[in-house]
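Shown next, in structure tokens, is the structure this report addresses.
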Amino acid sequence: MNKRDYYEVLGIDKNASEADIKSAFRKLAKKYHPDVSKEENAAEKFKEAQEAYAVLSDPQKRKQYDQFGHSAFNNNGAGGFSGFEGFDFGNVSDIFDDLFEGMGFSTGRSRARNANSPKKGADVLHRMTIEFEEAVYGTKKDIKIDVEEDCEECHGKGGFNAKTCQECHGIGTITQEQRTMFGSFLTKTTCPYCKGSGTTFEKNCSSCHGRGKVTNRKTITITVPAGIDNDNRLRVAGKGGAGSNGGPNGDLYIEFKVREHELYKRVDDDIYIELPLTITEATLGAKKEIPTLYGNVELTIPSGTQNNEKMRLRGKGIENVNTKRKGDMYVITRVIIPEKLDRNQKKLFEELSTTDLENNKYFKTYKNCIK
């Protein structure tokens, strides 16, 4: 089969430098690699570029090619597109590492590096239920959580007497040749023996069974800040799972659930309370003791107070967990209608029924609507 000139395949001249050759192949590999390209005949074009690069990137093979052309490799069984059995694909493998990392793929070398690089430990989420008062004033709580820590027996390594993996030779991947109808292709898979770390042990740790981590139950004291609310999260740095390869511990996140109060209702940083009033207190006015979060205060109820009126007590709400500014407290009036009356009380109410309501704003509106 007639074969194209290798320099022509890569689109470079015969004086091209090693950097030019590498750059040219990177462009073609990115364009025609079967895993990413949808162009017609991409597999064949990629294979052709792969062969050209395997020769021209090797100084000795390039010298032979410049002198004898394609016939320089006939005796090695290169045989054009028959599989490149005579070529060393070490350089091609190296450039794939750089090429596919840049395209967002994880390569063998990157996996080996990542497997041995420092990693932060896992974050831990713990849900905590607290009382209303604990959320308002803040408190300290002891919690028990299960976290992964470095195995003390093997110091987080997973085994003893580390050595380079004999299967992948420390790279973390195994390179295999796949033959298809378009020819042969090199593929890389994570080494199943070292799981991509490039390292194995003469003896696995029996305490952690080779994981390097053990699960322990720990008691941690949490400082709950004043003003915490439902679904708020508190981050406790470094109290999560242990890191790997010298990486930092993960963080502990506390998610809060606050129990409702029998008297107060919370809306953000404000507090609402219902104040029961008799008809007499609402009509004539009164002074009432109001239980706030910070002690009782006296509130003046003006005469003629209606049901469901709202009165504000500034700064008697909850302290904001971030700004430390206190919200307000709102007193909602609830005029209580008596269910049973004696004869004298009934007579008094009958006299009140003659009250002139003509000047009442709501009464006028109501009367106009029923005409």
Heavy-atom check, side chain of Phe256 versus side chain of Asp231, under 4.5 Å: no
Phe25 and Tyr53 aromatic ring geometry - parallel, tilted or perpendicular at 30°/60° bounds: parallel
Asp142-Thr221 side chain donor-acceptor pair, cut-off 3.5 Å: yes
Reference residue Leu252; test side chain to side chain contact (heavy atoms under 4.5 Å, CB included); the match among Ile220, Asp123, Leu234: Ile220
Ion pair Asp251/Lys239, N-O distance below 4.0 Å: no
Gap separating the NZ atom of Lys346 from the NZ atom of Lys340, nearest 0.5 angstrom: 14.0 Å
Donor-acceptor contact below 3.5 Å, side chain Tyr253 vs main chain Gly240: no
Test side-chain contact (heavy atoms from CB on, under 4.5 Å) applied to Thr333 and Met311, step by step: CA-CA 8 Å; Thr333 59; Met311 304 177 187; 4.0 Å; yes
Chi angles and distances behind the side-chain contact (heavy atoms from CB on, under 4.5 Å) call for Cys168, Thr173: CA-CA 6 Å; Cys168 66; Thr173 59; 5.9 Å; no
Asp13 side chain to Ala16 backbone, donor-acceptor under 3.5 Å: yes
Neighbour count above 12 (heavy atom, 6.0 Å) for Tyr193 OH: no
Any side-chain donor near an acceptor of the partner, Asp20 and Ser17, under 3.5 Å: yes
Any donor-acceptor N/O pair, Gln345 side chain to Asp342 backbone, under 3.5 Å: yes
Cluster link Val267 to Leu263, ILVMFWY, side chain under 4.5 Å: no
Distance-only polar pair, side chains of Lys287 and Thr300, donor-acceptor under 3.5 Å: yes
Verify same cluster id: Ile301, Leu284 (apolar side-chain graph, 4.5 Å): no
Polar side-chain atom of Asp5 near backbone of Glu8 as donor-acceptor pair, under 3.5 Å: yes
Greater than 12 external heavy atoms within 6.0 Å of Lys45's NZ: yes
Arg325 side chain near Glu319 side chain, heavy-atom distance below 4.5 Å: no
Ionic contact status for Glu48 with Lys3, cut-off 4.0 Å: no
N-O pairing of Arg334 and Glu274 below 4.0 Å: yes
Chi angles and distances behind the side-chain contact (heavy atoms from CB on, under 4.5 Å) call for Val214, Cys151: CA-CA 6 Å; Val214 292; Cys151 175; 4.2 Å; yes
Shortest non-hydrogen contact between Ala226 and Val136, atoms and distance: CB-O, 3.4 Å
Nearest atoms (heavy-atom pairs only) where Tyr264 meets Ile271: CD2-CG2, 3.6 Å
Flag, side chain of Thr283 to backbone of Ile279, donor-acceptor distance under 3.5 Å: yes
Interatomic distance, Asp270 atom CG to Lys316 atom NZ [nearest 0.5 angstrom]: 14.0 Å
Under 3.5 Å donor-acceptor, Lys213 side chain and Gly243 backbone: yes
CD/Glu255: more than 12 non-hydrogen atoms of other groups inside 6.0 Å: yes
Residue Asp268 excluded, over 12 heavy atoms near CG under 6.0 Å: no
Glu339 side-chain N/O to Ile337 backbone N/O, donor-acceptor pair under 3.5 Å: no
Glu131, Glu133, Arg266 screened by side-chain hydrogen bond (donor to acceptor under 3.5 Å, both in side chains) with His261, the one that passes: Glu133
pair Leu10-Lys27: side-chain heavy atoms closer than 4.5 Å: no
Exam field: side chain Gln67 to backbone Gln64, donor-acceptor pair closer than 3.5 Å: no
Stepwise side-chain contact (heavy atoms from CB on, under 4.5 Å) test for Asp328 and Leu313: CA-CA 6 Å; Asp328 298 324; Leu313 297 175; over 6 Å; no
Centroid separation Tyr330 to Tyr272 less than 6.0 Å: yes
Interatomic spacing from CD in Glu202 to CG in Asn161 - rounded to 0.5 Å: 4.5 Å
Main-chain N/O of Lys63 paired with Asp66 side-chain donor or acceptor, under 3.5 Å: no
Rounded distance [0.5 Å steps], CG in Asn216 versus CD in Glu152: 7.5 Å
salt_bridge(Lys288, Glu281) N-O dist < 4.0 Å: yes
Flag if over 12 foreign heavy atoms under 6.0 Å of NZ, Lys324: yes
Spacing of Asp150 atom CG and Lys157 atom NZ [to the nearest 0.5 Å]: 9.0 Å
Parallel, tilted or perpendicular, as decided by the 30° and 60° cut-offs, for the rings of Tyr6 and His70: perpendicular
Common cluster, Ile332/Leu299, ILVMFWY with side-chain heavy-atom separation under 4.5 Å: no
Shared hydrophobic cluster, Ile336 / Leu275 (ILVMFWY, side-chain heavy atoms < 4.5 Å): no
Backbone N/O of Val147 and side chain of Glu149: donor-acceptor pair under 3.5 Å: no
Nearest-0.5 Å distance, CG of residue Asn320 to CD1 of residue Ile228: 10.0 Å
